[in-house]
Amino acid sequence: MSNQPSVYEETLKGIWRENPVFVQMLGLCPALAVTNSAINGFAMGAASTFVLVGASFLVSMFRNVIPKQVRITTFIIIIATFVTVADFSLQAFTPALHKELGAFISLIVVNCLILGRQEAFASRNRLPFAVGDAAGMAFGFTLALIMVGGIREILGSGSFFGIPLFGDNFEPWVIMILPPGGFLTLGVLLIIFASIKKMRDKRKLVQIES
Amino acid sequence: MANAAFQNEELKTFRHGVHPSENKERTSSRAIERIPFVKEYVMPLSQHIGAPSVPIVSVGQEVLKGERIADPGGFVSTTLHSPVTGRVTSLGPRLHANGKMMPAVTIEADPYASQRTQPQERPDPAKLDNRAFAKQLQDAGLVGLGGAAFPSHVKVQVPEGKKIEYVVINGVECEPYLTCDDRLMVERPEAVLRGTQLLLNNTGAKKAFIGIESNKPEAVESLRALAPKEIEIVPLEVKYPQGAEKMLIKALLGKEVPSGGLPLDLDVLTNNVGTTAAIADWFDRGIPLIERVVTVTGAGIPHPRNLLVPLGTPVSALIDYCGGLRRETKQLIMGGPMMGMTQKSLEVPVMKGTSGLLALTRVFQADTREYPCIKCGRCLEACPMYLNPTRLAQLSRMKVVDKLMDYNLMDCFECASCSYTCPSNIPLVQWIRIGKTMAREAQNKK
Amino acid sequence: MKNSRTNDLVLSTSPFLHTDASTPRIMGDVLLATVPLILAAVWIFGIGVLLVISAAVAGAVGTEWIFNRAAKQSPLLDNSALLTGVLLGLILPPGFPLWMALLGGAVGIGLGKLIWGGLGQNVFNPALVGRAFLQASFPTAITTWNAPAEGLMQISPRLFSTPLLQAPADATTAATPLGLAKFSGEMTAVFKVIIGNIGGSIGETSGILIILGVVWLIARRACDWRLPVGTVAAVAVFSSAIWLITGKENANPLFMIFSGGLLFGAVFMCTDPVTTPTTSKGAWIFGAGVGFLVVLIRLYGGLPEGVMYAILLMNAVTPYINRYTQPKQFGGATK
Amino acid sequence: MEYIWIFVSAAIINNFTLAYFLGLCPFFGVSKKIDTAFRLGLANIFVMVITSVCAWFLNTYILVHAPYLRLMTFIVVIASTVQFVEMLIKKLSPALFKALGLFLPLITTNCAILFLALTQTSRGYNFSEGIFFALGAGAGLTLALVLMAGIREEAELSDLPDVLKGAAMSFLIAGILSMAFMGFAGLFSGA
Amino acid sequence: MSSENSAGPIRLIVTLGLAGLFSGLVIVSVFLATQPLIKKNQEEALEAAIYRVLPGAETRKIFIEKDGKLEEAASAEGVDAVYAGYDPSGRLVGYGIPSAGSGFQDTINLIYGYNPFEKKIIGMQVLESRETPGLGDKIIKDQNFLDNFSALVVEPVIVAVASGTKTKDNEVDSISGATISSKAVTKIINQGNDKWRKLIDEKTESEGQGK
Ligand SMILES: Cc1cc2nc3c(=O)[nH]c(=O)nc-3n(C[C@H](O)[C@H](O)[C@H](O)COP(=O)(O)O)c2cc1C
Ligand SMILES: Cc1cc2nc3c(=O)[nH]c(=O)nc-3n(C[C@H](O)[C@H](O)[C@H](O)COP(=O)(O)O)c2cc1C
Ligand SMILES: Cc1cc2nc3c(=O)[nH]c(=O)nc-3n(C[C@H](O)[C@H](O)[C@H](O)COP(=O)(O)O)c2cc1C
Ligand SMILES: Cc1cc2nc3c(=O)[nH]c(=O)nc-3n(C[C@H](O)[C@H](O)[C@H](O)CO)c2cc1C
Ligand code: SF4
Ligand code: SF4
Ligand code: SF4
Ligand code: SF4
Ligand code: FES
């Protein structure tokens with residue numbers, strides 16, 4: 001246990017090194033389905049953050065009393081509860097946003113990232129670590145969603161978080177806010193990340209050799 | 001047109017295949033000439049498919065032309081005879097056409113001997129049963145002269161429970177440049193027919209076909225003039241690789257030899273015209289297989305010719321006889337341009353399977369750039385075995401060995417039609433050969 | 001001895017003969033087949049079309065050049081990127097903004113070809129990937145058809161619209177015969193469609209020149225004749241059936257065949273060896289599939305024209321077509 | 001509304017995978033081999049029909065009284081029904097179980113299934129409309145999976161650039177497929 | 001995670017029961033807390049739409065079909081309904097009729113206002129659609145297109161014609177480049193008319209002008 005990373009480290013890893021979307025390929029459906037604008041990405045990220053952190057909190061807290069056989073069921077009940085809460089709250093306080101995200105808020109229930117974190121982390125770690133991990137993952141997830149949403153919005157609508165960037169005459173690349181644009185944006189982002197990693201590895205190799 | 005003789009006949013053929021330019025005109029009307037004797041003859045012990053022959057002579061021993069010098073090394077193996085009257089000088093390794101040093105019997109010609117062939121003892125073929133007849137072919141050292149050099153007696157011997165209904169004689173000579181079979185049919189039709197008759201009589205087959213591509217009208221005419229009715233001379237459309245036995249049988253009989261099977265499975269025996277004539281020579285004249293016709297041609301040869309050459313003659317002698325190699329010569333090929341093998345040295349000897357010697361002034365692999373496969377499908381349309389060469393090559397290149405078998409890799413008999421036709425110049429056969437090697441290795445590991 | 005220079009003899013493996021056909025030459029033949037179409041387009045729409053084609057070519061060839069340099073490959077010797085650019089240019093509207101055409105060429109080669117590993121390995125037709133991207137991105141611009149030009153030198157101002165900004169409206173736009181038939185119930189006379197002096201993509205308007213092109217391609221063995229023939233035949237069969245049964249006016253098979261991009265697609269895109277089946281049986285199936293989808297989309301879909309989507313969809317099915325039409329084994333299996 | 005349009009819309013116009021981004025994990029995870037992709041597709045159709053029936057039943061008889069428990073109930077009931085049917089199949093047809101069994105747990109409560117149930121509810125489909133919707137959605141997923149698998153098996157044999165060897169290529173292929181499927185827009189909409 | 005390998009069945013049930021209890025409590029309380037707001041939001045959205053398609057209306061009533069007649073109802077939950085809108089003086093402005101159908105891409109949900117006295121459509125608003133941004137989605141905001149529906153004669157049926165070719169009072173000028181979506185809107189309105197107009201007209205006739 002001596003080498004265990006600090007809460008701080010557990011939190012940071014989700015942002016880049018183990019980014020749920022770009023590295024772990026988890027929670028892809030919402031990452032693409034609702035990200036035709038930055039604000040949608042942000043909202044989805046925020047809702048997921050609420051659910052992930054909340055569920056991790058409860059699961060970690062009660063990790064020693066939940067019997068193994070029913071743990072998945074229990075996790076799902078807990079997650080579904082938070083999702084329902086999030087769903088109702090969005091519906092009550094930001095109806096317009098809720099209309100945009102539609103069924104995908106409910107679909108957070110089955111987001112493999114959230115269940116996966118409970119199974120892999122929250123149910124095995126002490127409260128601060130669990131919450132730290134959840135917050136980091138959620139932050140990374142939100143960041144990825146904003147990134148994908150932002151790129152799609154900038155090219156597809158000529159704005160960022162609703163603020164026009166290129167003036168009225170901009171010719172939007174409609175494809176970016178259509179389904180193919182989601183796949184293509186994520187695909188291109190992955191290529192860019194892979195290329196960065198490849199270059200870095202090469203540089204490391206050179207350093208080791210010299 | 002030269003092929004006026006069968007203008008109105010419908011020419012048979014097989015499906016797929018390619019049409020390389022024939023390049024036969026430089027030698028097709030040149031009568032066969034006997035090449036002068038040289039000082040030394042090299043008889044490799046492996047000139048055929050199967051076990052090497054076992055020498056029965058010792059260094060320093062005097063041998064007569066036509067005398068037996070090596071025994072078969074097993075059932076799938078054959079006898080060797082001395083191509084010349086002279087003295088054995090070595091039993092050690094000599095350069096073989098495959099580029100390696102291989103055991104051989106080296107004989108120095110006796111400059112004072114008469115060099116007449118000593119007729120060998122042989123029985124009356126009419127009195128022989130199938131087994132004894134086959135044994136005679138082995139004693140005569142007969143192997144397929146069509147290129148594969150497979151011992152003829154193995155094919156002729158009909159196994160228990162099988163029968164031969166048709167004898168198919170291969171006068172196709174579909175390889176570009178080569179004209180040795182053509183000339184043989186034109187000049188010695190009676191020998192070809194006599195050999196065919198012997199095969200018919202002995203195997204009990206009811207009919208023989210001699211398949212000849214329509215670019216050899218003279219051969220068709222000379223054989224037709226003498227052929228009895230049970231031997232049918234069939235002109236075929238010109239298309240490579242019609243001479244491959246599976247294609248020839250498909251063209252003549254419309255039947256396909258089963259994958260992995262033999263002509264025997266269709267009650268068919270195939271032999272090359274050269275082999276067939278050699279059978280006649282053995283029974284009628286007592287001459288074993290000690291010489292053969294070789295076409296020497298190509299842009300690198302000043303005076304192309306068809307030569308009757310004693311086995312064991314170094315190719316340098318053939319080339320010298322035809323005027324030497326032109327300066328521009330880039331490649332020397334033993335065999336035809338589609339299936340032959342390149343040679344580095346002029347000292348390799350002519351062997352039983354050597355049908356041609358080709359000097360080319362252009363190396364296509366070096367002069368052309370390879371492009372990626374554009375999936376044009378031409379190789380599929382070329383492959384006479386209905387294979388998918390581009391996919392086989394791709395799987396081989398990507399080392400996906402287990403899938404190779406799904407595409408019937410082993411059916412490929414390496415005719416190179418696919419490589420010939422590929423607009424991207426991809427060495428498809430080469431990849432397929434590599435694939436076969438990988439597949440065999442995988443098999444062995446299991 | 002005369003033969004002293006045996007050391008120079010080259011060793012290699014058979015075969016030592018080869019056809020004259022070569023991949024760059026095939027691509028060149030197809031390029032030649034497009035020349036009459038380009039000239040006709042200049043005649044009909046003015047010299048502006050040359051700029052559109054050049055922009056698409058620049059996008060395609062430029063992308064290939066940059067990428068291949070990065071990958072340290074010797075690029076561009078095979079003419080195929082050039083061909084992709086030309087073909088893309090020919091399926092764009094005559095007044096298409098140049099920056100969009102350039103983008104289309106780049107996306108076509110990048111997304112349609114390079115990511116797959118380059119020439120010969122792509123599953124989708126690169127020119128059509130480029131166009132599909134443009135159509136989904138700029139649906140208005142790509143469905144704005146210029147009317148045939150007044151004079152050779154007339155150039156639509158839309159061509160030079162600033163990158164990223166909207167194209168100005170063009171006074172002389174015209175609906176295509178397919179659009180008219182679908183959305184206004186107006187039929188264009190079949191003979192007019194065949195002659196070709198009508199609104200439409202740059203290269204698609206003259207059916208007669210396209211047919212001349214395919215005759216040339218087939219004569220040069222640059223394409224498998226089954227693909228264009230099968231495609232057109234399938235359209236004829238399916239549309240005739242619907243024509244006879246429902247009496248829909250726009251299902252007239254002659255109109256179906258000569259209008260829109262069908263002939264162009266059948267001749268230049270269904271024949272792309274790379275993205276269509278390698279087997280002859282597969283070629284028929286591919287043609288039938290394209291024909292079916294074209295008729296389906298044109299007569300029952302939301303878009304007036306479906307050739308591009310039909311071909312892309314059949315490209316996606318091609319791995320299966322190849323798989324299930326492998327030639328039967330010679331002599332059957334006796335394993 | 002017309003059954004044909006419900007089916008066609010769910011299958012190709014608004015394909016769950018290519019237009020709604022649903023079921024992406026199994027889509028990318030199980031589309032490497034044609035055979036498994038096809039079987040996953042069948043399993044999807046199967047589970048979707050069960051889901052549609054469950055959702056209709058719950059909506060009609062139970063959830064009218066407690067709409068706020070919809071999400072929870074859907075998840076629990078769908079998961080347990082599928083598990084029950086799975087056991088049933090195992091008993092009745094081991095062959096079918098062998099073909100599909102492996103995939104059932106992977107998809108019982110993935111987002112495509114849940115989305116189907118929720119959408120059927122929000123669109124107010126009746127029983128048979130729901131079945132057509134489920135069949136269409138399942139057929140569409142199967143089509144997308146199978147096409148993807150065919151293309152990926154082909155790409156496997158190509159010289160893909162290094163940086164594209166993983167997920168990136170799958171996304172780009174899906175993007176192109178999604179573009180191609182745009183051609184079906186408006187099909188049979190009758191306008 | 002619990003360290004024992006197999007907890008007894010009682011513990012399993014108790015755990016799940018507790019989890020369920022907790023969850024139920026949370027959900028129900030959040031539901032109770034948010035429901036009024038959610039209801040209000042939905043009403044407001046609906047009302048806003050109704051008042052937009054029925055210019056001048058400020059109050060509304062819900063009507064549903066019962067035994068072949070329109071009948072007032074307290075809520076539209078779970079049933080198809082139309083909304084009668086009244087101006088401040090209590091005069092009937094018209095009926096807001098929701099309708100839905102297939103569009104270019106996906107289902108289009110819309111509501112339109114119908115004036116039974118003049119047999120005209122007096123307003124239309126799209127509630128939900130996934131039409132192509134920049135083309136089909138003009139049916140939501142394009143003022144020229146929406147103007148088609150400010151006084152549109154419904155008999156015999158409304159017809160979409162090519163952009164700029166409207167000549168008759170029952171014709172709708174399509175949006176250029178989005179003919180399909182335009183036609184879809186008219187088709188959906190005609191469907192709504194088929195379903196409701198007879199009922200509404202009968203009721204209107206039996207009641208006479210206004211209230
Ligand atoms: C073990 C063995 C047995 C063979 N038996 C026969 C035979 O009975 N009949 C025959 O025609 N060929 C027989 N062959 C020869 C081959 O089928 C074939 O003729 C030879 O390999 C040369 O083929 P050609 O060059 O096409 O292809 C046999 C080959 C082997 C290896
Ligand atoms: C591609 C290919 C081409 C062949 N061409 C000929 C040919 O033209 N003439 C010929 O006699 N044998 C040719 N053969 C060899 C025949 O397949 C077969 O081995 C031969 O006809 C059998 O007779 P043999 O054993 O007497 O040689 C060819 C084989 C292959 C694989
Ligand atoms: C990518 C793309 C998206 C389209 N989206 C719509 C749409 O949402 N609604 C629509 O009516 N037409 C849409 N269209 C256009 C139709 O296919 C058709 O061209 C148009 O409705 C014809 O209108 P017009 O008669 O005014 O040219 C789209 C076209 C493309 C290429
Ligand atoms: C007959 C023929 C048709 C072709 N059609 C196309 C085409 O439609 N689009 C394209 O990008 N390339 C086409 N090409 C070029 C080439 O095959 C294409 O760039 C490859 O798909 C790239 O790998 C064609 C080539 C030939 C020989
Ligand atoms: S768990 Fe479901 S919702 Fe989440 S990303 Fe995976 S498939 Fe999509
Ligand atoms: S386990 Fe399921 S949810 Fe998680 S990544 Fe795999 S398929 Fe997706
Ligand atoms: S002939 Fe060459 S380019 Fe054509 S499919 Fe075969 S291998 Fe590919
Ligand atoms: S070499 Fe093999 S694959 Fe190529 S054509 Fe000949 S038999 Fe077919
Ligand atoms: S992300 Fe896993 S199925 Fe949707």
Side-chain angles (χ1 to χ4, degrees), chain B residues 18 20-21 176 246 256-261 316 319-320 324-325 327 329-333 337-346 358 360 363-366 368-369 371-378 380-381 384-388 390 407-408 411 416 419-421 423-425 427 429-430 433, chain C residues 1-27 74 77-80 117-122 221-224 226-227 271-280 282-283 318 322-323 325-335:
Chain B
V18 291
S21 46
K246 290 187 175 182
E256 295 182 355
V257 177
S259 166
S316 55
I319 289 171
D320 286 350
L325 275 189
R327 185 152 284 286
T329 305
K330 296 260 173 56
Q331 272 192 319
L332 184 67
I333 293 148
M338 299 296 286
M339 294 191 72
M341 287 206 295
T342 46
Q343 301 298 326
K344 192 80 187 161
S345 162
L346 301 187
L358 201 56
L360 296 182
V363 184
F364 120 76
Q365 279 99 335
T368 49
R369 183 172 182 271
Y371 297 95
C373 167
I374 55 165
K375 312 254 163 66
C376 62
R378 290 181 188 204
L380 279 93
E381 295 218 347
M385 294 303 288
Y386 314 154
L387 298 174
N388 186 338
T390 168
Y407 288 88
N408 307 323
D411 281 358
S419 297
Y420 166 80
T421 203
S424 283
N425 307 321
V429 224
Q430 193 55 17
R433 286 184 194 124
Chain C
M1 249 174 65
K2 289 178 197 164
N3 342 297
S4 48
R5 11 172 313 278
T6 55
N7 278 344
D8 309 349
L9 290 179
V10 180
L11 291 182
S12 65
T13 54
S14 64
F16 309 103
L17 282 186
H18 196 264
T19 47
D20 296 335
S22 83
T23 294
R25 204 144 108 196
I26 292 176
M27 301 294 165
S74 57
L77 292 171
D78 56 41
N79 290 338
S80 70
L119 178 65
Q121 322 217 39
N122 47 311
R221 296 226 311 137
C223 73
D224 183 347
R226 297 171 189 89
L227 287 160
T271 50
D272 175 13
V274 174
T275 56
T276 55
T278 43
T279 61
S280 351
T318 294
N322 277 334
R323 167 180 281 245
T325 57
Q326 281 307 308
K328 77 160 199 7
Q329 190 176 22
F330 187 95
T334 45
K335 278 175 197 164

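Residue numbers begin at 1 in each chain, while the letters A, B, ... track the order of the sequences.
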Completion exercise
Whatever's closer than 4.5 Å to a heavy atom in chain C on B:Pro176 counts as side chain

Exercise for the section: Against chain C, work out which of B:Val18, B:Leu332, B:Val257, B:Thr390 has the most heavy-atom pairs shorter than 4.5 Å and name it. Expected result: B:Val257

Practice task
Specify which of B:Leu358, B:Asn388, B:Leu360 makes the most heavy-atom pairs with chain C at under 4.5 Å.
Solution key: B:Asn388

Practice task
With the side chain counted from C-beta on, respond yes when C:Thr271 and C:Thr276 share a heavy-atom pair under 4.5 Å apart, and no when they do not.
Solution key: no

Handout entry: Residue pair C:Phe330 / B:Pro384: nearest heavy atoms and the distance that separates them
Key = CD1-O, 3.4 Å

Exercise for the section: Can you tell which part of B:Gln331 gets under 4.5 Å to a heavy atom of chain C, answering side chain, backbone, both or neither? Expected result: both

Handout entry: Interface moiety of B:Cys376 toward chain C, non-hydrogen atoms closer than 4.5 Å
Key = both

Handout entry: C:Arg221 portion near chain B, given a 4.5 angstrom heavy-atom threshold
Key = both

Exercise for the section: Please determine, by modelled atom types, if C:Asp78 and C:Thr23 share a side-chain donor-acceptor pair under 3.5 angstrom. Expected result: no

Fill in the blank from the handout: Smallest heavy-atom separation, C:Gln329 atom then B:Ser259 atom, equals NE2-OG, 2.9 Å

Problem - Residue part contacting chain B, namely of C:Ile26, when any heavy atom lies under 4.5 Å - result: side chain

Problem - Portion of B:Ile374 that has a non-hydrogen atom of chain C nearer than 4.5 angstrom - result: both

Handout entry: Within-4.5 Å side-chain heavy-atom neighbours: C:Pro327 and C:Thr279
Key = yes

Handout entry: Proximal component of B:Leu387, with respect to chain C [non-hydrogen, under 4.5 Å]
Key = backbone

Handout entry: Largest heavy-atom contact set with chain C, pairs under 4.5 Å, which of B:Arg378, B:Glu381, B:Arg433, B:Met339
Key = B:Arg378

Exercise for the section: Identify the two heavy atoms, one from C:Pro24 and one from C:Asn79, that lie closest to each other, and give their separation to 0.1 Å. Expected result: O-ND2, 3.2 Å

Exercise for the section: Measure distances from C:Ala222 to the heavy atoms of chain B and classify the residue's part below 4.5 Å as side chain, backbone, both or neither. Expected result: backbone

Problem - Within-4.5 Å side-chain heavy-atom neighbours: B:Asp411 and B:Tyr386 - result: no

Practice task
May I have the step-by-step check of side chain to side chain contact (heavy atoms under 4.5 Å, CB included) for B:Lys375 and C:Asn322, ending in yes or no?
Solution key: CA-CA 11 Å; B:Lys375 312 254 163 66; C:Asn322 277 334; 5.9 Å; no

